[in-house]
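All values derive from a computational prediction rather than experimental measurement.
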Amino acid sequence: MPHCTPEDLGLAALREPLPDDRTAHLEGCGRCRGEVARLRRVVDALAVPELAVPGPPVAPPPGLWAGIAAATGVSAAPRADVVAASAPAAGPVPDVVPEALPPAAPLAPVVPLRPRRSRLLLAAAAALVVGLGVGAGAVALANRDDGGVPVAATVLDPLEGSDASGRAEVVERADGTRVLQVELTAGAPSEGYYEAWLLDESVSGLIPLGVVRAGTEEFVLPAGLDLGEYPVVDVSVEPLDGDPAHSGVSVARGQLDT
């Protein structure tokens, strides 16, 4: 089966669903998972939280629908309750387009709502980074709790010279998906960002999970992953240098009681 296209990798990094065959390939291909992991770190680093927060609805200016109807010739009109909730009704819509319209002030510009703008920014960043061969983290879902059964847990102890600490727990959902929940208590790093990993006991093999911030983050674990082989949860500080490898600077670590 061919590897995922740059478009597939970008969508996966943005947590968008892929066709079943692409999803199956991604779960079994270390190369493509690595590309998604690299891309996801950059997407998370470029995310602007303020743009992702839903804002209040923007009311259309008075007369907007009448202008649209006059210019297009449509005879339908918005429901009265919808119009009344945002602006005064525009009045009856003419059945026939006037031959000549009187001069009028230009209509207000259309401004994209915040969630759409945020998504476009992230999509553009993902496409650019894929084109350059740089990428970011595995699928991580922040501050979400869908329940599930805990199957393993550990305390994250600070390493020498660090004040970071926390807790990690693996939860199995009803659909069989396993999620690693990381609760991190730490100040913002002076440079770079925190990243979560799973390590083997010899600390020679590792699996990148994604960007982690102070608070609670969740990471969907790869299907078929043996936690007995990768029982160590590690939090590192990573520089913004595009290198997907572990920096070697860990701030907190704990071993799951599998």
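Scored by the side-chain hydrogen bond (donor to acceptor under 3.5 Å, both in side chains) test, Tyr194 finds no partners at all (sequence neighbours excluded). Under the side-chain contact (heavy atoms from CB on, under 4.5 Å) criterion, Ser190 pairs with no residue at all, not counting sequence neighbours. Considering only residues two or more places apart in sequence or on other chains, Thr185 meets the side-chain hydrogen bond (donor to acceptor under 3.5 Å, both in side chains) condition with none of them.
For Asp226, the CG atom counts as densely surrounded, since its 6.0 Å shell holds more than 12 non-hydrogen atoms of other residues, nucleotides or ligands.
Counting only distance, with no hydrogens or angles, the side chain of Arg167 and the backbone of Leu184 share no donor-acceptor pair below 3.5 Å. For Ser250 (side chain) and Ala252 (main-chain N/O), no donor-acceptor pair under 3.5 Å exists by modelled atom type.
The salt bridge (Lys or Arg N to Asp or Glu O under 4.0 Å) pairs that include a residue from residues 227-253 are Asp234-Arg253, where partners are two or more places apart or lie in different chains.
Under the 3.5 Å distance criterion, with hydrogens and angles disregarded, no donor-acceptor pair is assigned to the side chains of Thr23 and Asp20.
Think of Trp197 as one node in a network of Ile, Leu, Val, Met, Phe, Trp and Tyr side chains linked at under 4.5 Å; its network also takes in Leu199, Val203, Leu206, Val232.
Glu195 contributes atom CD, which lies 8.0 Å from atom CG of Leu209 (distance to the nearest 0.5 angstrom).
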For residues 150-163, please give each side-chain donor-acceptor pair under 3.5 Å, one per line with the distance, not counting sequence neighbours.
{"from": "Thr154", "atom 1": "OG1", "to": "Gln255", "atom 2": "N", "distance (Å)": "3.1"}
{"from": "Thr154", "atom 1": "OG1", "to": "Gln255", "atom 2": "O", "distance (Å)": "3.0"}
{"from": "Ser162", "atom 1": "OG", "to": "Ala164", "atom 2": "N", "distance (Å)": "3.0"}
{"from": "Ser162", "atom 1": "OG", "to": "Val251", "atom 2": "O", "distance (Å)": "3.0"}

Working note: Glu169 + Arg178, criterion salt bridge (charged side-chain N to carboxylate O under 4.0 Å, His left out); need CA distance, chi angles, decisive distance, verdict. CA-CA 10 Å; Glu169 183 176 63; Arg178 291 179 302 169; over 6 Å; no
